[in-house]
Amino acid sequence: MNEQNLDYLKKSLDYLGFGSKLNDVLESAVSRGLPAFTLGVTQSYTSAQAKKNPALGSDQVKFMLNFNRSKQSDMYFLNDYEVTLNKAGSALPVRQVFDLEKDNRITALQAYKLLNGNSLERDVYTKTENSESPEKKKVWFKLNLDVQDAYGNHPLKKFYPEFKFELSDAIDKYPFKSMTEQGKDSMMKMLRSGHMAPAEMMVGKKAVSVLVTANPQFKGLDVYDKNMAIIRQDEIFPKKEEGKELTETAGQKTSQKNEIDPSNTEERFPWENQRDDNIAQQEIGR
């Protein structure tokens, strides 16, 4: 048995968030010289909702870790692991396989947050053409839980700095009530680590307790009420929707003015020098 390799695998399990609970069964499997084996473990996590209402119970997450032995040596590798989230109060489990190399060594806790639909930010080392050493970048991760591939996996989206999602600017757009700089810093820390952040927000004319997560894809936030129902953006920003309706109404009125009067020969058969003006008026009406 390769003791150095075994020690490395134990450190990998600890880094991923499994501690030492699997060490004994790992050592037993490695000592048998199996070409491949899988170790399973279930862990409990408390959601943001359960922290406010303990009666909901904990979420149960099952991990199946897949090990393979090298064909050229006695070394074993942990290539990927399958995660199944059984959320308290939900009958439908959510499943995902994380490839440790391809998915930047997502940890157990990070996998749980992603399967809950949250986004998170972490450091990623990428190779560049002009540099010999990898460059560290802060990258946002989010699972698209609405889509599955042929293997039942959800696409793991990554948003690099070039995408220009600025969390601080996104928070400033929302009508949080009594948001201090210290409160904003605390919220940013929670959102970057993949947590849901509690806050108070003005929705319409009412102050409402909400939970928010980052949404890097749309450069904003996802906002939920105390029952975890999504609060729509048009509820949060009613003025923008009112402005849009006013613009559409004005457009309809302008369009009506531009309608051709069938009794007017000049309007029914406009000359070339009149056409551009009519087109411009119609474009305004739209």
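Through direct or relayed side-chain contacts under 4.5 Å between Ile, Leu, Val, Met, Phe, Trp and Tyr, Val97 connects to no other residue. Using a 4.5 Å cut-off between side-chain heavy atoms of Ile, Leu, Val, Met, Phe, Trp and Tyr, Leu56 forms no hydrophobic cluster with any other residue.
The number of heavy-atom neighbours closer than 6.0 Å to OH of Tyr8, taken from other residues, nucleotides and ligands shown, is 12 or below. By the 6.0 Å contact criterion, CD on Glu101 is open, its count of non-hydrogen atoms from other residues, nucleotides or ligands being 12 or less.
Judged by a 6.0 Å distance limit and a 45° cone about the ring axis, Lys219 is positioned over the six-membered ring of Phe163.
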Tyr224 and Thr213: side chain to side chain contact (heavy atoms under 4.5 Å, CB included), yes or no, with the steps? CA-CA 9 Å; Tyr224 302 87; Thr213 59; 4.1 Å; yes
Give the C-alpha distance, both sets of side-chain angles, the deciding distance and a yes or no for side-chain hydrogen bond (donor to acceptor under 3.5 Å, both in side chains) between Lys142 and Gln217. CA-CA 9 Å; Lys142 184 176 179 62; Gln217 182 174 356; over 6 Å; no
Checking side-chain hydrogen bond (donor to acceptor under 3.5 Å, both in side chains) for the pair Gln60/Ser44: CA distance, chi angles, key distance, verdict? CA-CA 5 Å; Gln60 302 299 310; Ser44 299; 3.0 Å; yes
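Taking a cutoff of 4.0 Å between a charged side-chain nitrogen and a carboxylate oxygen, Asp172 and Lys184 qualify as a salt bridge. Taking a cutoff of 4.0 Å between a charged side-chain nitrogen and a carboxylate oxygen, Asp7 and Lys11 qualify as a salt bridge. A salt bridge is defined here as a Lys NZ or Arg NE, NH1 or NH2 lying under 4.0 Å from an Asp or Glu carboxylate O, and Asp123 with Lys138 meets this definition.
Taking all atoms of both residues into account, the shortest heavy-atom contact from Gly57 to Ala88 is O-CB, 3.7 Å.
Side-chain contact, Asn66 with Asn79: no donor N or O sits under 3.5 Å from an acceptor N or O.
In this structure, Tyr112 has its ring center under 6.0 Å from that of Tyr45.
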